[in-house]
Every structure is written in C-alpha cells, then in structure tokens.
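Encoded as structure tokens, the structure appears first; notes follow it.
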There are 2 protein chains.
Amino acid sequence: MTTRHHLPVAYEHGTGGSILSGTSRTDAPGGCAEAEEDDRLLQVGDIAKATGKTVRAIHHYEEVGLLTPHARSKGRYRLYDHAALSRVRWIGKLHDLGLSLSQIQQIVSTWEASSSAPGAMSRIRDVYQQKLEEVREQIAHLENLEHELVASLAYLDTCETCDPAELVAACTNCNLHDKSKAEPELVAGIRGGNGHCRQGSNHR
Amino acid sequence: MTTRHHLPVAYEHGTGGSILSGTSRTDAPGGCAEAEEDDRLLQVGDIAKATGKTVRAIHHYEEVGLLTPHARSKGRYRLYDHAALSRVRWIGKLHDLGLSLSQIQQIVSTWEASSSAPGAMSRIRDVYQQKLEEVREQIAHLENLEHELVASLAYLDTCETCDPAELVAACTNCNLHDKSKAEPELVAGIRGGNGHCRQGSNHR
DNA sequence: CGCAACCCTCACGCATACGTAAGGGTCAGG
DNA sequence: CCTGACCCTTACGTATGCGTGAGGGTTGCG
C-alpha cells in the first residue's frame with residue numbers, strides 16, 4: 001500500500017498483484033541480448049517486498065555473496081532481474097531447512113565453480129538428499145514432542161478438578177491423577193529443581 | 001567411563017546404569033524431613049552426564065534462574081537432588097520446542113509466583129496448548145519442505161542423463177526435463193541471482 | 001599428607017543474521 | 001528546481017546459549 005512515486009528505472013503500475021510491470025525500462029549494460037518476456041529491473045525495495053525480507057537482509061545476502069545485483073543505475077542503485085526473486089526465495093527455503101547462510105554460500109560456490117553441469121547438479125543432489133533425511137528426523141522429533149505435549153495436556157486436564165485453594169506446594173502429594181500412567185516429563189520438570197525442599201517423585 | 005574417585009558427598013558405585021546410588025549420603029541442611037526413597041545428592045558433573053549437557057550449561061541454567069542447587073557442600077560445591085534431573089531434561093525439551101531460556105524462565109516464575117495450584121497449571125496448560133499448535137505448524141512446514149526436496153531430487157534425477165561435458169551455463173537452455181512440470185523453487189534458485197546475464201525462466 | 005579428579009568464580013569470546021542509526025545522494029512528478 | 005520516497009555506504013549494536021580459559025580451592029582414597 002505504500003504508494004510508490006518516483007522510481008528510477010523499475011516501475012510498478014499494477015494495483016497490488018505482483019509488483020511491477022510498466023512501460024519504462026532499463027536494459028542493463030553488459031551486452032546481453034535477451035528475449036523479451038519480462039526484463040524490467042527491480043530495486044532492492046521491490047525485492048524485499050516481494051519476498052517478505054527486509055532491505056537490510058537483501059543487502060546482507062549480497063555481503064555474504066549470495067546475491068549480486070544484475071546491474072546498477074547511474075546513481076549506484078542496485079537493480080535486480082527476476083531471477084533474483086527466485087534466488088531470495090530459495091535462500092529463504094534453505095535457511096528454513098536449517099542451512100546457515102555460509103552453507104548456502106558453499107552451495108552457490110560449488111555451483112559456480114563447476115564446469116560440468118551434471119556434475120554440479122550431482123553435488124547439489126547430495127546436499128538435498130542429506131537434508132531430506134535431516135528434515136525427516138526433525139519431523140520425527142517434533143512429532144515426539146507433539147505427543148508429549150498432548151500427553152501433558154491430558155494430564156493437566158485433571159488439575160481442573162483440583163481445589164483452587166490448593167497451594168502449588170501441595171502438588172507433590174497430589175493423588176488426583178491417574179496412577180497408572182507416569183507423570184509426563186513436561187509436567188515433572190515444572191515442580192522441583194529450584195532447591196526448595198522437594199523430592200517426591202510420583203504422587204501417590 | 002571417566003573413573004570417579006573421590007566424591008564429596010554424592011557417590012556412584014553402580015556399573016554404568018543410572019548414575020549413583022551408594023552408601024554415604026548428605027542430607028541437605030534446611031530441615032526437610034523426607035521419606036527415604038533416594039535422596040543422595042548429585043554434583044554438577046553428575047547432572048551433566050546424566051542429561052547430556054555440559055557443566056557450563058548447567059551453570060548457565062542457574063545463571064538465568066532456571067535451576068538452583070538443593071544445597072552446597074562446605075566447599076561450595078553445588079549439590080542437586082533428583083528433581084534437578086527432571087528439571088534439566090524438561091528445560092531441554094522446552095528448548096527443543098523452540099522456547100528460549102528466558103521464556104522458560106517465565107514459565108518457572110509463573111509457577112513459583114502462583115499460589116493456586118490449579119491456577120498455575122492452567123497457565124502452563126495455555127502455554128503448552130499454544131506450543132502444540134506451533135509445533136503442528138512447524139511440522140506442516142517441514143513436511144512442505146520435505147515434499148519440495150523430494151520433487152527437487154526427482155527433477156535433478158534427469159540431470160544424470162545430461163552430457164557431463166555440458167556447461168552449467170547451458171542449463172538455461174536445457175530441455176531434458178519434463179516440460180509439464182515447473183522447475184522446483186529449490187532448483188530454480190540455484191541458477192541466476194548473481195548478476196550474470198541470465199533470465200530465462202523455464203527451459204523450453 | 002599427597003594427589004588426581006572435581007568444582008568454584010569471574011569474565012571475555014563467539015557465531016548468526018540481521019537491526020539501526022548516521023550522514024548523505026538519487027529519481028522523477030509537478 | 002523542489003520535494004518526497006528511495007537508495008547508498010559504513011559501522012557499531014543486539015540477542016542467544018553457551019565455550020573457553022585463568023587462577024585457585026575441595027574431596028577423600030591410599
């Protein structure tokens with residue numbers, strides 16, 4: 001909604017859909033003959049908005065070698081092509097996958113230093129393959145925690161039947177809970193552990 | 001297997017199962033009449049080993065108010081009761097759930113400042129309930145990434161049929177891939193984004 | 001008593017991924 | 001030409017969760 005007024009080179013004219021489109025354009029220097037399609041360039045702010053990142057983050061990606069502007073305007077404004085959008089989203093996803101920016105940088109380096117295309121892809125594949133396993137482990141771990149949470153919530157349900165006048169210290173001797181199942185760790189950890197005279201384990 | 005020799009107060013004698021048990025004991029000062037059960041005290045190193053944390057981490061937990069030794073030896077050694085084990089494991093789980101130590105501290109404070117037991121439990125419940133939803137979101141997110149990884153790997157499989165002499169720059173014009181499905185974002189981001197004259201989106 | 005194995009209290013260090021402020025140009029409509 | 005909305009570079013700041021010494025006691029078997 002932030003009304004854009006005067007753009008140097010990349011324009012928006014739409015009403016909010018995908019940012020920019022327009023008439024004026026600036027083909028970047030460098031002698032790249034390209035098909036038409038959509039070669040309007042984007043400013044850093046456009047990239048930021050379109051990807052949900054901050055301008056600072058985009059700059060940061062550049063600092064660590066993850067992104068390079070396609071060109072610069074006369075006034076040294078960074079100008080990006082649309083591939084930059086893919087790149088930034090890609091960075092975000094890999095980051096979500098738990099890769100650090102420097103690890104991502106290594107992938108980029110690997111790719112760029114590689115001459116053989118399938119060779120490069122093969123290494124990327126290895127990284128992805130390994131990440132896939134890690135992600136599956138993480139999922140399993142989270143599902144574990146999920147179950148623990150559910151169990152704890154069920155356990156804590158019983159507390160609703162407790163007398164509100166009861167003091168927390170009395171929990172140690174509580175006998176409202178189902179004796180057949182142990183106290184979930186997520187519950188056990190709350191009590192005790194701060195030195196105060198405590199130690200009973202399972203309320204009996 | 002680090003042989004323990006001279007312990008101040010908490011002993012081990014077992015053969016590796018659960019750390020400690022023994023004969024000598026030191027009931028902590030403070031006038032806590034307790035049932036027998038298992039009130040031998042543990043040193044910080046014991047807690048560390050039993051929980052997989054480092055001694056420094058245990059100290060750190062204390063620094064931020066998450067854990068307090070049950071007592072101190074004459075020589076100022078920290079002595080913990082078994083509840084500390086639960087507490088440390090609990091901290092670890094909550095941390096895995098994405099809570100920061102200070103957030104965990106808030107839970108502890110909430111608990112300790114609370115007089116009404118069910119009231120306190122109710123607030124803990126709320127936290128857990130919310131965490132449960134977050135965890136489920138995280139799982140969904142990871143599953144999304146998992147699918148993207150799988151799709152990308154499938155896509156990259158095709159690259160194996162590519163001529164190893166092919167240059168990475170040629171990927172732009174690659175036509176080996178199934179034209180019916182789009183290039184996964186995890187693949188698209190690799191190419192382009194570093195300014196070099198590029199911009200074709202889907203290899204045609 | 002001697003010694004190994006532990007523990008204690010500072011207190012600075014570190015890696016990540018930006019946040020944020022400072023001081024100062026650039027762009028294009030009006 | 002003016003102006004508002006943007007952008008640039010430089011550079012220090014921040015929050016987390018411990019890591020890593022430094023310098024120096026404590027414990028208790030033998």
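Each chain gets a letter, A, B and so on, in the order its sequence line appears, and its residues count up from 1.
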If one requires at least 3 consecutive Watson-Crick or G-U pairs with distances under 3.5 Å, the stems of DNA chain D turn out to be C:1-30 with D:1-30

[atom1]-[atom2] distance between [X] and [Y], expressed to the nearest 0.5 angstrom:
X        : Y        : atom1 : atom2 : result
B:Leu149 : A:Gln129 : CG    : CD    : 9.0 Å
B:Trp90  : B:Ile104 : CH2   : CD1   : 6.5 Å
A:Ile91  : A:Ile58  : CD1   : CD1   : 7.5 Å

Starting from [atom2] on [N], measure out to [atom1] on [X] and report it in whole angstrom.
X        : N      : atom1 : atom2 : answer
B:His59  : C:dC8  : NE2   : P     : 4 Å
A:Glu62  : D:dT10 : CD    : P     : 12 Å
B:Arg78  : D:dT26 : CZ    : P     : 15 Å
B:Gln105 : D:dT16 : CD    : P     : 13 Å
A:Leu42  : D:dC7  : CG    : C1'   : 15 Å
A:Asp46  : D:dA5  : CG    : P     : 16 Å
A:Leu41  : D:dC7  : CG    : C1'   : 15 Å
A:Tyr80  : D:dC6  : OH    : C1'   : 14 Å

Let's go through B:Glu148 and A:Arg89 carefully: what are the C-alpha distance in whole Å and the side-chain angles of both, what is the deciding distance for salt bridge (charged side-chain N to carboxylate O under 4.0 Å, His left out) to 0.1 Å, and is it a yes or a no?
CA-CA 13 Å; B:Glu148 288 208 51; A:Arg89 295 203 184 97; over 6 Å; no

[N] phosphate, OP1 or OP2, under 4.0 Å from [X] side-chain N/O:
X       : N      : answer
B:Arg72 : C:dT9  : yes
A:Gln43 : D:dC6  : no
A:Arg76 : C:dG25 : no
A:Ser73 : C:dT26 : no

Using only atom types and a distance under 3.5 Å, with no angle test, would you say the side chain of B:Arg87 pairs donor to acceptor with the backbone of A:Ile190?
yes

Partners of B:Ala117 by side-chain contact (heavy atoms from CB on, under 4.5 Å), sequence neighbours excluded?
A:Glu166, A:Val168, A:Cys171

I'd like to know if A:Tyr77 reaches the base of D:dC8 with its side chain such that a donor and an acceptor end up less than 3.5 angstrom apart.
no

Which parts of nucleotides 15-22 of chain C does protein reach within less than 4.0 Å, heavy atoms only, written one letter per nucleotide 5' to 3' as B for base, S for sugar-phosphate only and - for none?
-SBBBB--

Sorted by position of nearest nucleotide on DNA chain C, 5' first, the leading residue of A:Gly75 and B:Val44 is B:Val44

Take B:Ser109 and B:Gln105 through the side chain to side chain donor-acceptor pair (under 3.5 Å) test and state the conclusion after the steps.
CA-CA 6 Å; B:Ser109 301; B:Gln105 217 291 311; 2.9 Å; yes

So A:Gln130 and A:Glu134, side chain to side chain donor-acceptor pair (under 3.5 Å) or not? Walk me through it.
CA-CA 6 Å; A:Gln130 198 202 319; A:Glu134 285 179 26; 2.8 Å; yes

side-chain contact (heavy atoms from CB on, under 4.5 Å) evaluation trace for B:Leu94 with A:Leu186
CA-CA 8 Å; B:Leu94 291 186; A:Leu186 282 178; 3.7 Å; yes

